[in-house]
Amino acid sequence: MTDPSPSAVPAPAALAAFLRGVERRGALFAQLQCGDAEHGDAALATAMRAFAAQAPSQPMADWPRGFWQKMMASPALHRPPAGARWPGAVAHLATLAPEDRQALLSRLAAGLPEDEAVEVLGVDMTRYRAALAAACPTDAAGQPDAAGWRALAEAIQQQMRDLPPERLARLARLREAALRPAAPVSRSPRPEAHAPMAPATRPRAVAAMPVRGRWRRWAVIAIVLACAGGLAVTFLNPRGLFGRGGDSLEEVGRTGLGLAEEPDIEQEALPPAEAAAATVAAGQVLALHPDLDLLLDPESETLSNDAAFYAWYLAGTRQPLPAGKAADGAVEAGAQEEGRDTTF
């Protein structure tokens with residue numbers, strides 16, 4: 001039997017689906033926040049592992065907030081590396097302070113509404129809107145540039161759609177690594193970590209086991225010997241079991257297993273059946289008749305005897321069953337329709 005490794009344990013399907021749904025946004029957010037893809041993917045991997053460790057104990061409705069809180073709190077995203085760069089259409093991000101850039105990307109890359117962005121960033125609404133105003137592109141007069149805002153938002157969305165296949169494969173590996181349970185760290189215990197067993201306890205426990213075993217073996221042997229002795233007595237001394245001393249098997253069978261004499265059983269013949277019937281009074285014969293109700297009501301007896309015919313007639317005509325003597329007229333009418341004479 002093989003011991004399953006931690007990587008063989010399947011990850012919860014809901015957690016895997018959630019991370020798969022946010023890994024693109026998380027990767028692009030981290031890349032644009034620190035200005036380097038590899039540096040951002042490392043921060044994303046750290047946030048995924050921290051979130052995957054806490055997500056099973058949280059409601060699924062709180063997962064988006066929990067994940068983005070891990071991303072926003074990553075120290076690596078607040079210290080851009082030496083080679084950080086924001087080329088092309090996102091060059092405006094290089095001119096922003098890390099806090100202002102983070103507020104802008106929480107809206108354009110992470111796609112968080114204002115109330116959720118305020119919660120994951122840990123700021124109030126006034127500070128959040130001030131950061132957005134400071135990060136918003138401006139025109140030549142220093143006024144907010146709506147066209148520049150739209151162009152920056154479209155450029156970020158286009159980069160999210162155009163992530164190269166090798167980058168997507170790397171994100172998938174980071175997701176699988178985050179879902180894999182951490183392997184337990186094996187540490188060799190120090191000798192003083194375990195208290196030695198008391199010398200008097202070990203011999204007593206070891207010696208008690210053979211005593212119980214010997215007692216059980218002797219009990220089994222005694223039971224087997226008792227059963228064998230009983231069988232031997234049955235076959236070797238049948239007289240002592242079934243009869244008096246000196247009785248043979250024929251005598252035992254003849255006297256009924258050793259009975260001294262045949263018991264006296266009194267017998268009395270029953271009277272003839274005619275005599276038993278004569279003991280019943282004439283007035284009681286009718287009261288004891290099993291069909292007394294039919295005998296007292298001959299009309300009901302007649303109807304019950306013809307119940308099969310009435311059922312057949314009603315099934316053919318679907319007429320209600322007539323009551324009393326009207327039933328006789330209905331029966332006669334039905335019989336005439338069938339061309340037969342009915343006389344009761």
Side-chain angles (χ1 to χ4, degrees), residues 21-51 64-65 67-171 174-175:
V22 298
E23 62 186 14
R24 276 181 179 244
R25 288 186 177 273
L28 187 61
F29 171 86
Q31 174 186 345
L32 296 179
Q33 175 64 22
C34 66
D36 184 76
E38 294 185 1
H39 196 78
D41 288 349
L44 174 64
T46 302
M48 279 185 169
R49 285 194 300 268
F51 168 75
R65 182 174 63 254
F67 171 78
W68 287 111
Q69 282 178 342
K70 300 296 182 184
M71 287 294 300
M72 303 295 177
S74 177
L77 300 183
H78 296 273
R79 296 190 302 268
R85 52 191 300 268
W86 292 267
V90 296
H92 173 72
L93 298 176
T95 63
L96 304 179
E99 292 77 10
D100 299 339
R101 184 165 56 244
Q102 189 179 39
L104 177 67
L105 292 176
S106 68
R107 187 70 176 270
L108 298 183
L112 298 176
E114 283 189 343
D115 53 346
E116 294 184 12
V118 167
E119 188 173 0
V120 298
L121 289 173
V123 297
D124 56 13
M125 186 63 69
T126 303
R127 177 68 185 88
Y128 174 71
R129 290 179 176 176
L132 284 181
C136 182
T138 56
D139 55 12
Q143 299 298 320
D145 186 5
W149 176 274
R150 288 193 297 269
L152 181 61
E154 292 176 0
I156 292 175
Q157 294 299 317
Q158 188 64 36
Q159 285 195 15
M160 190 179 304
R161 290 190 294 266
D162 295 343
L163 289 179
E166 58 273 11
R167 179 84 180 278
L168 296 177
R170 182 168 63 182
L171 295 179
L174 295 178
R175 179 182 71 247

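Hydrogens, waters and symmetry mates play no part in the numbers below; they use all other heavy atoms, side chains included. Model, not experiment: these values are computed from the prediction.
Under the 4.5 Å side-chain criterion, counting only non-hydrogen atoms from C-beta, Leu108 is not in contact with Leu32. Within the 4.5 Å cutoff, no side-chain heavy atoms of Glu38 are placed close to those of Asp41. Inter-residue side-chain proximity for Gln31 and Arg167 is flagged as met; some heavy-atom pair is nearer than 4.5 Å. Looking only at side-chain heavy atoms (C-beta outward), Leu121 and Glu99 stay at 4.5 Å or farther from each other.
Take Arg129 and apply the side-chain hydrogen bond (donor to acceptor under 3.5 Å, both in side chains) test, not counting sequence neighbours, and it matches Glu114. Listed by chain and number, the residues in a side chain to side chain contact (heavy atoms under 4.5 Å, CB included) with Pro165 amount to none (sequence neighbours excluded). Checked against side chain to side chain contact (heavy atoms under 4.5 Å, CB included), Arg49 has the following partners two or more places apart in sequence or in another chain: Ala45, Thr46, Ala178. Not counting sequence neighbours, Arg107 has no partner by the side-chain hydrogen bond (donor to acceptor under 3.5 Å, both in side chains) test. By the side chain to side chain contact (heavy atoms under 4.5 Å, CB included) test, Arg85 is found to be paired with Pro87, residues two or more places apart in sequence or in another chain being considered.
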Determine, step by step, whether Arg24 and Leu163 satisfy the side-chain contact (heavy atoms from CB on, under 4.5 Å) criterion, reporting the C-alpha distance in whole Å, the side-chain angles of both residues, the deciding distance to 0.1 Å, and the verdict. CA-CA 8 Å; Arg24 276 181 179 244; Leu163 289 179; 4.0 Å; yes
Take Gln102 and Leu77 through the test side-chain contact (heavy atoms from CB on, under 4.5 Å) and record every step on the way to the result. CA-CA 9 Å; Gln102 189 179 39; Leu77 300 183; 5.7 Å; no
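Put simply, CG on Leu171 and CD on Glu166 are 11.0 Å apart, with the number rounded to the nearest 0.5 Å.
Applying the side chain to side chain donor-acceptor pair (under 3.5 Å) rule to pairs touching residues 133-153 yields nothing, sequence neighbours excluded.
Of the options Glu119, Met72, Arg25, Arg65, a side-chain contact (heavy atoms from CB on, under 4.5 Å) to Leu112 is made by Met72 and by none of the others. A side-chain contact (heavy atoms from CB on, under 4.5 Å) with Phe29 is found for one member of Leu44, Leu105, Ile156 and no other, namely Leu105.
Judged by distance alone, the side chain of His92 and the main-chain N or O of Trp86 form no donor-acceptor pair under 3.5 Å. Ser74 places no side-chain N or O within 3.5 Å of a backbone atom of Met71 that could act as its donor or acceptor partner. With hydrogens and angles disregarded, a donor-acceptor distance shorter than 3.5 Å links the side chain of Gln33 to the backbone of Pro98.
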